[in-house]
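Since the structure is predicted, the reported quantities are computational estimates derived from the model, not experimental observations. So that the names make sense, note that chain A is the first sequence line, chain B the second, and so on, each numbered from 1.
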Number of protein chains: 2
Amino acid sequence: MEQTEEQSESTNSALKRVQETAEAKAHTYDASKYERPSVTVDVVMMSLRKRDLQVLLIKRRSWPYEGMWAIPGGFVNIDESLETAAKRELQEETGVQDVYLEQLYTFGDPGRDPRTRVITVVYFALLDSERLQVRAADDAADVGWFSVYDLPSLAFDHEKILHYSLERLRGKLDYTTIAFSLLPEQFTLRELQRVYEIILHKRLDKRNFRKKILSTGILEDTGAKKMEGTHRPARLYRFNPEAEAKL
Amino acid sequence: MEQTEEQSESTNSALKRVQETAEAKAHTYDASKYERPSVTVDVVMMSLRKRDLQVLLIKRRSWPYEGMWAIPGGFVNIDESLETAAKRELQEETGVQDVYLEQLYTFGDPGRDPRTRVITVVYFALLDSERLQVRAADDAADVGWFSVYDLPSLAFDHEKILHYSLERLRGKLDYTTIAFSLLPEQFTLRELQRVYEIILHKRLDKRNFRKKILSTGILEDTGAKKMEGTHRPARLYRFNPEAEAKL
DNA sequence: CTGACTTAGTGTATTTACCACACTAATATA
DNA sequence: TATATTAGTGTGGTAAATACACTAAGTCAG
């Protein structure tokens with residue numbers, strides 16, 4: 001449930017040796033002009049839309065992979081932290097703030113970008129299905145939401161990144177409260193169950209699910225009820241972060 | 001148990017906008033000469049020594065943090081992958097190859113290094129206690145092994161990195177086979193239990209431990225026995241990677 | 001207004017995982 | 001030959017996971 005904070009370092013006695021050999025070994029790549037790799041931040045943004053787990057992608061308008069879809073991202077400014085850069089990207093792409101955000105993995109193989117050496121730190125973000133509406137259909141030509149179970153062909157190795165993201169999401173689902181960040185403040189138990197079912201991609205037993213969730217004490221009954229469609233009305237719950245219960 | 005592969009990208013329609021503003025926003029840091037962050041790879045190397053979980057550190061010989069201990073690391077060469085860089089570091093520091101290696105986290109706050117902006121990708125390595133002997137005491141003035149439970153004062157925020165490493169190790173202990181990478185090919189059940197006890201820093205029940213491990217079918221009886229000290233001889237087991245059993 | 005339809009909400013019995021706990025046998029050493 | 005040391009083994013109790021089916025509150029169409 002927690003991601004530790006940033007920071008660290010490296011340069012030490014051994015480092016100078018390395019640095020000296022670094023340029024010597026660099027028998028070019030594409031660009032001898034780039035002695036050092038560039039660093040970008042990419043953000044995998046997922047949300048629930050229409051009872052489906054979807055990811056936000058951007059259509060590339062130039063070489064390489066022109067016309068293909070890609071995960072949004074951009075360079076890290078010299079004076080901002082990686083997380084700040086990820087938040088800025090989010091803000092620029094969707095206009096949303098205060099979403100769940102965690103660092104996923106750093107991808108840095110040489111040759112992953114045909115233009116130059118780029119190391120990218122990938123962040124993973126979850127939007128709740130309500131605030132989601134805000135933008136998303138704005139400059140609809142370039143930006144689109146896609147089901148993670150039915151992806152278009154993707155630029156670079158972004159398909160691999162999305163698979164990794166999905167694995168991580170699934171893994172964290174049952175020992176963290178990550179699922180709540182996909183729902184609005186109030187929700188019914190059935191809606192919560194649906195989040196789990198969509199992400200795990202399998203049916204769950206209703207009674208066992210409710211029993212397990214409620215036994216953790218992590219939910220708070222709002223007293224309100226939700227009436228919708230042709231059903232019986234359902235209780236609305238709220239996530240209680242105070243209750244540091246284990247799922 | 002698996003770490004996905006490298007690779008990805010970022011530059012897309014939104015990227016250009018970002019890049020333009022990047023330099024504008026960069027109201028210096030220390031170095032306007034560095035328009036872009038440098039990238040290093042640091043390696044947290046742990047091993048079991050004398051019934052203790054220890055980490056390899058290097059003594060700094062210059063500013064900043066002169067005389068303090070730090071995690072070894074170095075710049076990423078322009079033509080090598082992050083993992084390759086981490087392996088190279090390992091090789092340089094300890095002369096060991098083919099160890100367990102996984103990417104841990106990327107730390108990149110501006111100001112984490114007083115000299116310039118450095119983003120570091122931290123890898124986590126485990127050496128088995130046998131091959132360990134190889135070097136380690138070579139240029140003993142600069143390099144040393146320290147108990148993770150009794151650390152010296154560390155350069156930069158390396159203490160935080162080590163805490164994170166230990167947490168990750170503990171977390172993975174019971175749903176992966178990571179523990180085996182700390183042992184030689186053959187080992188007794190008692191030795192395996194000791195690995196768990198040292199890492200989790202608590203005593204485990206012998207019978208329950210054996211029952212659980214053996215029931216997974218992940219161990220293979222070698223037929224051999226180990227006689228040592230003033231004990232009864234013990235069976236030697238071997239890790240069987242084929243048996244894709246869950247711990 | 002009535003009948004058909006949809007979903008909320010509830011309990012029990014079975015199986016499986018987890019945990020606490022103590023003695024005997026093989027070997028080395030003094 | 002006596003002493004010290006560790007390997008190896010089983011059982012019962014408790015908590016968690018799973019499989020499974022019906023009733024009641026509401027909506028909607030006719």
Side-chain angles (χ1 to χ4, degrees), chain A residues 48 50-51 129 170-171 173-176 179 183-184 186-238 243 245-247, chain B residues 48 50-51 129 170-171 173-177 179 183-184 186-198 200-238 243 245-247:
Chain A
L48 292 173
K50 302 171 193 155
R51 300 197 176 181
S129 48
R170 281 178 181 156
L173 206 57
D174 58 324
Y175 68 98
T176 70
L183 287 171
Q186 299 194 4
F187 49 86
T188 67
L189 272 176
R190 191 67 187 78
E191 288 167 338
L192 181 61
Q193 183 179 342
R194 205 164 277 127
V195 173
Y196 278 78
E197 289 180 335
I198 290 168
I199 293 172
L200 297 175
H201 220 220
K202 66 176 183 188
R203 292 223 161 280
L204 299 175
D205 180 83
K206 197 208 282 188
R207 277 177 291 192
N208 294 334
F209 180 81
R210 301 166 85 89
K211 203 190 309 174
K212 187 172 175 181
I213 295 289
L214 291 175
S215 74
T216 63
I218 214 165
L219 289 190
E220 198 175 52
D221 193 333
T222 63
K225 296 214 166 195
K226 184 175 196 173
M227 265 176 276
E228 204 181 14
T230 171
H231 334 168
R232 176 175 186 173
R235 265 171 228 268
L236 280 167
Y237 290 89
R238 175 193 298 128
K246 299 134 197 159
L247 284 178
Chain B
L48 292 175
K50 301 172 195 156
R51 301 198 174 180
S129 47
R170 281 180 182 156
L173 205 57
D174 57 324
Y175 68 96
T176 70
T177 55
L183 287 171
Q186 298 194 4
F187 48 86
T188 67
L189 272 176
R190 191 64 187 80
E191 288 167 339
L192 182 61
Q193 184 178 341
R194 204 164 277 128
V195 172
Y196 278 78
E197 288 181 333
I198 290 168
L200 298 175
H201 219 221
K202 66 176 181 186
R203 291 220 161 282
L204 298 174
D205 180 84
K206 197 207 282 189
R207 276 176 291 192
N208 293 334
F209 180 80
R210 301 166 85 88
K211 203 191 307 173
K212 190 172 174 182
I213 295 290
L214 290 176
S215 74
T216 63
I218 214 166
L219 289 190
E220 199 174 52
D221 194 333
T222 61
K225 296 214 166 194
K226 184 176 195 173
M227 267 176 275
E228 203 179 18
T230 169
H231 333 170
R232 177 175 185 171
R235 263 171 229 268
L236 280 167
Y237 290 89
R238 175 192 300 129
K246 299 133 199 159
L247 286 179

A/Lys226 has an atom NZ; how far is it from atom P of C/dG9, in whole Å?
-> 12 Å
Taking C-beta and beyond as the side chain, do B/Leu236 and B/Arg238 meet within less than 4.5 Å on heavy atoms?
-> no
Counting primed atoms, P, OP1 and OP2 as sugar-phosphate and everything else as base, the B/S/- map of nucleotides 20-30 of chain D against protein heavy atoms under 4.0 Å is BB--BBBB---
Could you tell me the separation between the OH atom of A/Tyr175 and the C1' atom of D/dA16, rounded to a whole number of Å?
-> 20 Å
Any side-chain heavy atom of B/Asp174 within less than 4.5 Å of one from B/Leu200?
-> no
Side chains of A/Leu219 and A/Phe187 in contact at under 4.5 Å (non-hydrogen atoms) = yes
Atom-to-atom span, CG of A/Asp221 to C1' of C/dG9 - whole angstrom = 13 Å
Calculate the interatomic distance between A/Leu204 atom CG and D/dA19 atom C1'; express it in whole Å.
-> 14 Å
From CD of B/Glu191 across to C1' of D/dG8 the rounded distance in Å is 15 Å
Heavy-atom check, side chain of B/Phe209 versus side chain of B/Asp205, under 4.5 Å | no
In whole angstroms, how far is the C1' atom of D/dG8 from the CD atom of B/Gln193?
-> 12 Å
So do B/Arg170 and B/His201 actually touch side chain to side chain, heavy atoms under 4.5 Å?
-> yes
Could you state the atom-to-atom distance from NZ of A/Lys212 to P of D/dA19 in whole Å?
-> 13 Å
Between CZ of A/Phe187 and C1' of C/dA8 the distance, given in whole Å, is 16 Å
Could you tell me whether A/Arg210 contacts a base, only the sugar-phosphate backbone, or nothing, with contacts defined as non-hydrogen atoms closer than 4.0 Å?
-> base
